Structure formats: structure tokens, C-alpha cells
Protein chains: 2
Amino acid sequence: MPRRSAAHVADSRASAVEAAVDLASVVGLEGITIGRLAGELAMSKSGLIGRFGDKEAMQRAVLAAAVERFTDAVWRPALRSEPGLPRLEAVVDAWIGHLRDRVFRGGCFVTTASVEYDARPGPLHDDVAAAVRRWLGVLEAEARHARAAGDLPADRDPTDVAFELHSLASGGGVAGRLIGDAAALDRTRAAMRRAIGLPPASRR
Amino acid sequence: MPRRSAAHVADSRASAVEAAVDLASVVGLEGITIGRLAGELAMSKSGLIGRFGDKEAMQRAVLAAAVERFTDAVWRPALRSEPGLPRLEAVVDAWIGHLRDRVFRGGCFVTTASVEYDARPGPLHDDVAAAVRRWLGVLEAEARHARAAGDLPADRDPTDVAFELHSLASGGGVAGRLIGDAAALDRTRAAMRRAIGLPPASRR
DNA sequence: ATAGAGGACGAACGATCGTTCTGTATAACT
DNA sequence: AGTTATACAGAACGATCGTTCGTCCTCTAT
């Protein structure tokens, strides 16, 4: 068995987390099992859990990594667009795109985690809630900018806009995947665009 | 230990299922445990599972009961309203109402089950998908009726309307509960009304 | 050259998982 | 009243859960 340098060790922890993200996107953060994950990574259970301390610490690391992956896929590209409505439009496109490209093997990770912990208190609940609040805040700030620029009706509450976008994306992603509706993502995109006053189809 | 008559037996099975629905709405259909449920019902594990055969059969019975409960709370009351837009409005009110009244202890059961099985094949996936498809079909038929009556724009796709209502309700319910936003249900209701062309607040 | 730190292993822990089997007490039927 | 059917308890099953332990191996630093 080849040994690993310190750099490889860090890689190994990161790759363990990434594998766990993919696994959890299918079976849920609560559905992860040390044994199963260790098996997929061809590691021993003790070697795996040793990296994190205990299972909950691992779950929190996995959640953080998933949030990072989501941010990379959806938010970061949108930063290239102008603040306000153009950026919201870019977010919608990237959001639908990351669902279409299956950035998460089993559907949006944060949605899965939200459902798992919405009624179960604990550190993981708090982590998920904090991540969602942060994301809603980002969307709301962008909506506020758009409204100030006159790109959204003056009587449209930015908080409502953010909440509506989030609801549509998470609800639509789940339902579409569940019932196997190929057009679901298009419907979701159209609905999200409607929510910010854009025509159903992009001009591109 | 007192014995039970046949009628009591049926009651016992039904009450076991109802307790399981409440439990599963918190921990998920996959999170149910024979031992834990038996404990809550003050029964032995073998006595409990004996009613159903195996765990999967129990889960399917629990899911069916949850769908029934949802139908009772959301659809059946709306049947008193005129078909078309009035009935859709009643559905929205009842839908939000059943979330507010916590008909399910841990948030909408079907949403939880949708997320659990959207990426996991099997009989339970098929059951959940069938239930959601049926519900979307009901909403779509009502939207189609509303459009024919001129209460929805002619270019509004009834399938889109149904999908949008469902996405908003399930996504909004989860997010609101997760982040503990008391206004979330109001936001969701307003968004759902917007989706069917109604003003944010009901006239009542 | 050698001591130390740290990562990973295999084995084992008690607990709990879903399931099966057996015994028994009651209800329903003849 | 005697027989059959049924519903449940209790014990036990192999498997797997998360975790802990002691040991080995490799790398780094002195």
C-alpha cells in the first residue's frame, strides 16, 4: 500500500468530502454511513472517521463543501453580470444550469438537507438554516438593487422576490426529478423569470 | 394484557399508521425505525411489523395514509368551491392553512418523501411519484377549467400553473420552516396567488 | 541516524437495525 | 364446550451502526 505525503493527505480528506457530497445528495446527509462511505473510498471506517473526529463533524464538513460547490456553480459565474436584474437573470440561468448539469448527483444538496433538518434541531439544522439565510440575503440584496434601478416594480418586496426564487428552484427541482419530467426545468426557469418580471424565454 | 376485538385490531392498525405518519413527517419515511415506532406505541417490534409483513409494506401504508390526510385537508374542502379559479383559490388557502395548522407535525409529508425518493428508485419512489403526478393532474385540470372560463390568460399553460403552485408550496413550506420565518407562509400564499393571477391578499 | 508525529489499519465494543420463530392468550366459529 | 384462527409478546438471529483501541507504517525534523 503506497503511503501518502502531507499534500496527498490533504487531498485525501478533500476527496473524501467530495465523495460524501455526492453520496449524500442521493441518500441524504442523514443517510450517509461511515461504513458505506469508507467502502466507496476503499478506506477503513476508522481511517475515515479519524479525519473528522466523529460523524457529525463529518456531516458539517460535507455540508460546507456542498454549499461551496453550489456557490461556485451558481453565484460566482453571476458575479460577471451587472448587479441588479442582469445578475438575477444570470443567477436563474446558472441555477437551472447546475440542476441540468447534475452538479449534485442526486439533486440539489441544500434542498435535501433543508428537508432533512427543517424539523430536527441541532448543529446541522443551524448550519443549513444559516446557509439558506445567507443565500436568501444575497438574492434579496440583488433584488433590492434591481428595484432601486427601476428594473422591478416599486411595490415588489425584495424579500418576497428572494423567497419566491428559492422556493421555485428547490420545489421545482425536486418535483421535476421525482416525476421524471424533462420539461420541469424549463417550467421552473420560466416561473423564476416571471417572478422577476422577465419574459419566459431568454433572448440568448 | 387485554385482548382486542376485530374492530379494535383495525383501529390499532390505523392508529399505528397515523402515529407513523407523524413520526415520519419529522424523521422522514426512511428514518422510521420499527423499534422506535413500536416504543412510541407501547408495542413489541414483532407485534408491530406483523401487521404489515415487512418494513417496506409499512412505509407504503404510511405514505398512502399521509396522502389521504393531505387530500382531506387541502382538496376535499376546496370541492365546495366552484370549479376553475375559485376552486384554485380555495386550494391555495387550504394548502397554506394545512401548513399553518401543522396537519403534519414535521412539515408537509409528501414534500419530505419527494426529496427522500427523488433520486432513489424502488416501489416507494414510484408511489410518491404517482401521488405527486395525480395531484399535479388535479391542479392542471382545474387550471384548464379556469383558463377556459377566461379566468386565466389564454397563453398560460395549465401544466405550468400546476407545477408552479406545487413548487411554491413545497419549496416555500420547507424554507419557511427551516429558517423559522413566520412570514414565510404569507409570502408563499402571495406567490401562489400571483401564479394564478390573483392579488396578493384575499378579499375575505 | 534517530526520535517523534500523525495517518491509516484491523479488530472489537455495545447498541440497534429488520426479521424470524415460538409460545400463549384471546376471539370467533362450530 | 371444544376447536381453530389470530394478535401479540418475547427471545433470538445476523447484519450493520458509530466509535474506540492498539499497532504499524511513513514522513519530517533534529
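Values in this document were obtained by computation on a predicted structure and should not be read as measured data. Reminder, nothing fancy here: chain letters follow the sequence lines and each chain counts from 1. Computed over heavy atoms, backbone and side chain alike; hydrogens, waters and symmetry mates excluded.
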Quick tally for nucleotides 16-24 of chain D: nucleotides whose base has a protein heavy atom under 4.0 Å get B, sugar-phosphate-only ones S, the rest -, giving -SBBBB---

If the plane angle is over 60° it's perpendicular, under 30° parallel, otherwise tilted; pick one for F70(B) and W135(B). perpendicular

Inset, instruction - Describe, in one word, how the ring planes of H166(B) and W95(B) are oriented to each other, choosing from parallel (under 30°), tilted (30 to 60°) and perpendicular (over 60°). - result: tilted

query: Under 4.0 Å between a Lys/Arg side-chain N and an Asp/Glu carboxylate O for R187(B) and D157(A)?
result: yes

Going by an N to O cut-off under 4.0 Å, is there a salt bridge joining D186(B) and R100(B)? yes

> Can you check whether P158(A)'s main-chain N or O pairs, donor with acceptor, with R147(A)'s side chain at less than 3.5 Å?
Replying inline: no

When rounded to whole Å, the CG to P distance for the pair L41(B) and dA9(D) reads 10 Å

